[in-house]
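A short worksheet on the structure shown next.
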Amino acid sequence: MKTSTYIRILLLALFIIGISLLHYLTPLHLHYLHDIFQRLYYLPIILAAIWFGLIGGLACSLTVSVVYAPHILFQWGGHLTVELEKYLEIVLYNVVGGVTGLLVQRERERSVELQKTADGLELSFKKLQAQSEQIIAIEANLRRAEKLSTLGEMAAVLAHEIRNPLGSIRGTAEILRDDYRPGDPKYEFIEIQIKETERLNRVVEDFLRMARPLPAEMSRCRVQDELETVVMLVANDAGKRQISLHLEPAVPEVIVKGDGEKLRQAFLNIVINALQATASGGSLDILTSICRVEGGGTNCEIRFSDNGCGIDTASQAKIFEPFYTTKSDGTGLGLAISRKIIEGHGGTLQIESTAGKGTTVVITLPVLQAEENP
Ligand SMILES: Nc1ncnc2c1ncn2[C@@H]1O[C@H](COP(=O)(O)OP(=O)(O)O)[C@@H](O)[C@H]1O
Ligand SMILES: [Mg+2]
């Protein structure tokens, strides 16, 4: 029990003892005082009912009855007919104690229930608020996505429209160039014009390639064959840069379902990046292996490891963003396109890199079939 409860019980006891002493010690001929004392008993009874409910009210009224009864019986004589009013008062004590206690208890229960309802309402309100916030956030996202996709479509149309005039500019520039000899300042200017047009054309082509959806028609592709083609394409460039390019034979031979041309394009982007990042004397190794996927299925993993300049952590977050490039003549679309192609084949493209040490691009692709190589 709490200290406040003890204090309340003590207070009630003192009340009852005090009033009873007044009864027992006041001479009987001062009957008007006894009438007042008799009513004073209601105070502790009502207080007990308010503080402790039905049981408290009844306990107090019974105590008062027990304490008060001997006073009627022995001091007033206790004749039922003469002291009827005093006996009735005792009955009334108990009625008041019981009824007040009951009412207080009911009121208390109701307020507890009301509190519960209020708590429930508050909870629902909070949930509703969270939900509406979520809806607003989703809607904002949707609107942004919608804007981006329209923007993308518009950009694709624009890129397409830019390509044709670019062709004419380049053609006419080439004709003009023939009028001058190499070494003539105008010849150099026209050279710059042609080079810049080429660059613009490259950006537009890369962009269009990214915007164009992957063809639905996929066929069986031998990964090693595509890699060999890519190595053959860049072998000359690698030789000029004095970079040793090494393609490990795949064991077992891996076959995936995909678009060979697109895959080759992704591999080529990655290999060219590696060559551009590596100084002469460096190396680039390409290795394919098989790994099992949790929950069934097999993946192949293709690792392109160079020991070039590497990528610092801050830039690693940005390299997949379209148009992010650190090269003066770069388009910044290579990795974005490659990732899109690989993901379109159900695979992943990740980069592991340490600045100053080198970079490994890791591609995984779901395998259709893996044949042991004799
Ligand atoms: N193997 C690599 N080593 C170091 N940096 C790389 C490598 N591959 C990509 N990067 C960085 O990522 C950037 C984005 O590459 P990419 O999307 O192919 O565009 P681009 O080659 O036109 O710059 C590059 O500019 C380069 O800074
Ligand atoms: Mg690139």
Side-chain angles (χ1 to χ4, degrees), residues 148 152 155-156 159 162-163 166 195-212 214 226-227 229-248 261-288 301-345 347-364:
L148 276 181
I162 288 172
R163 222 159 45 151
L166 267 188
K195 246 210 314 269
E196 291 299 304
T197 332
E198 273 171 5
R199 187 167 139 208
L200 206 55
N201 196 45
R202 221 168 34 238
V203 173
V204 171
E205 281 199 337
D206 277 356
F207 181 83
L208 280 177
R209 217 172 282 140
M210 189 166 76
R212 226 175 284 139
L214 204 71
E226 306 303 344
L227 288 172
T229 312
V230 169
V231 167
M232 216 167 63
L233 280 173
V234 297
N236 197 23
D237 190 27
K240 264 195 243 162
R241 290 169 187 265
Q242 293 180 308
I243 296 168
S244 83
L245 180 58
H246 186 65
L247 171 63
E248 300 266 344
E261 199 190 313
K262 293 250 165 192
L263 285 179
R264 216 156 45 230
Q265 147 120 56
F267 299 157
L268 190 63
N269 284 343
I270 291 159
V271 169
I272 290 174
N273 275 350
L275 294 181
Q276 287 173 340
T278 308
S280 69
S283 65
L284 168 61
D285 292 306
I286 308 169
L287 172 68
T288 308
E301 188 182 83
I302 312 159
R303 299 176 76 87
F304 302 81
S305 306
D306 67 57
N307 55 5
C309 61
I311 310 163
D312 60 54
T313 335
S315 310
Q316 278 181 34
K318 290 186 249 167
I319 49 172
F320 289 105
E321 283 172 16
F323 305 114
Y324 173 80
T325 179
T326 53
K327 301 162 195 168
S328 58
D329 60 344
T331 65
L333 288 169
L335 283 179
I337 292 170
S338 304
R339 175 128 102 176
K340 201 173 162 180
I341 290 172
I342 298 301
E343 285 178 353
H345 282 78
T348 61
L349 194 165
Q350 272 150 352
I351 294 240
E352 298 163 3
S353 185
T354 315
K357 286 211 169 142
T359 304
T360 301
V361 178
V362 186
I363 289 180
T364 64

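Note that the structure is a prediction, hence the values are computed from the model and not measured. Whatever order the structure lists them in is the order used to number ligands and atoms, beginning at 1.
- For atom 1 (N) of ligand 1, the closest non-hydrogen atom of the protein is Asp306 OD2, 2.9 Å.
- With hydrogens left out, the protein atom closest to atom 12 (O) of ligand 1 is Ile319 CG2, 3.2 Å, a heavy atom.
- Ligand 1 places these atoms under 4.0 Å from at least one heavy atom of Lys327: 20 (P), 21 (O), 23 (O), 24 (C), 25 (O).
- Expressed to the nearest 0.5 Å, how far CG of Asp306 lies from CD1 of Ile243 amounts to 8.5 Å.
- Interface of Thr331 with ligand 1, defined as ligand atoms under 4.0 Å from a residue heavy atom, comprises 22 (O).
- Put simply, the side chain of Asn307 gets close to the backbone of Ser283: a donor and an acceptor are under 3.5 Å apart.
- Looking at Thr326 against ligand 1, both its backbone and its side chain come within 4.0 Å, counting heavy atoms.
- For ligand 1, the polar-atom distance check finds an N/O of Asn273 within less than 3.5 Å of one of the ligand's N/O atoms.
- Residue-ligand proximity, Gly310 to ligand 1, at heavy-atom distances under 4.0 Å covers atoms 4 (C).
- Ranking the protein heavy atoms by distance from atom 17 (O) of ligand 1 puts Leu335 N, 2.8 Å first.
- Residues Leu263 and Ile342 have side chains in contact (heavy-atom distance under 4.5 Å, counting atoms from C-beta outward).
- Nearest to atom 10 (N) of ligand 1 among the protein's heavy atoms is Ile311 CD1, 3.9 Å.
- Side chains of Leu335 and Tyr324 form no contact here, defined as non-hydrogen atoms less than 4.5 Å apart.
- Annotation for Glu248: atom CD counts as buried by contact number, over 12 foreign heavy atoms lying within 6.0 Å.
- Salt bridge status for Glu205 with Arg202: absent, with no side-chain N to carboxylate O gap under 4.0 Å.
- Looking at Ser353 and Thr359, their side chains do bring a donor and an acceptor atom within 3.5 Å of each other.
- The single protein non-hydrogen atom nearest to atom 14 (C) of ligand 1 is Tyr324 O, 3.4 Å, given as residue, atom name and distance.
- The protein heavy atom nearest to atom 19 (O) of ligand 1 is Gly332 CA, 3.2 Å.
- None of the N, O or S atoms belonging to Asn269 lies under 2.8 Å away from the Mg ion (ligand 2).
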Notebook entry, point to check: Could you go step by step and tell me if Val271 and Leu233 meet the side chain to side chain contact (heavy atoms under 4.5 Å, CB included) rule?
Noted result: CA-CA 10 Å; Val271 169; Leu233 280 173; over 6 Å; no
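- With contacts defined as side-chain heavy-atom distances shorter than 4.5 Å, the pair Leu349/Glu343 does not qualify.
- Of all the atoms in ligand 1, the ones that sit under 4.0 Å from a non-hydrogen atom of Gly330 are 22 (O).
- Residue Ser338 holds its OG atom at 11.0 Å from NZ of Lys262, rounded to the nearest 0.5 Å.
- Between Ala277 and ligand 1, a contact under 3.5 Å exists for no N or O pair.
- Atom 23 (O) of ligand 1 has its closest protein heavy atom at Thr325 OG1, 2.5 Å.
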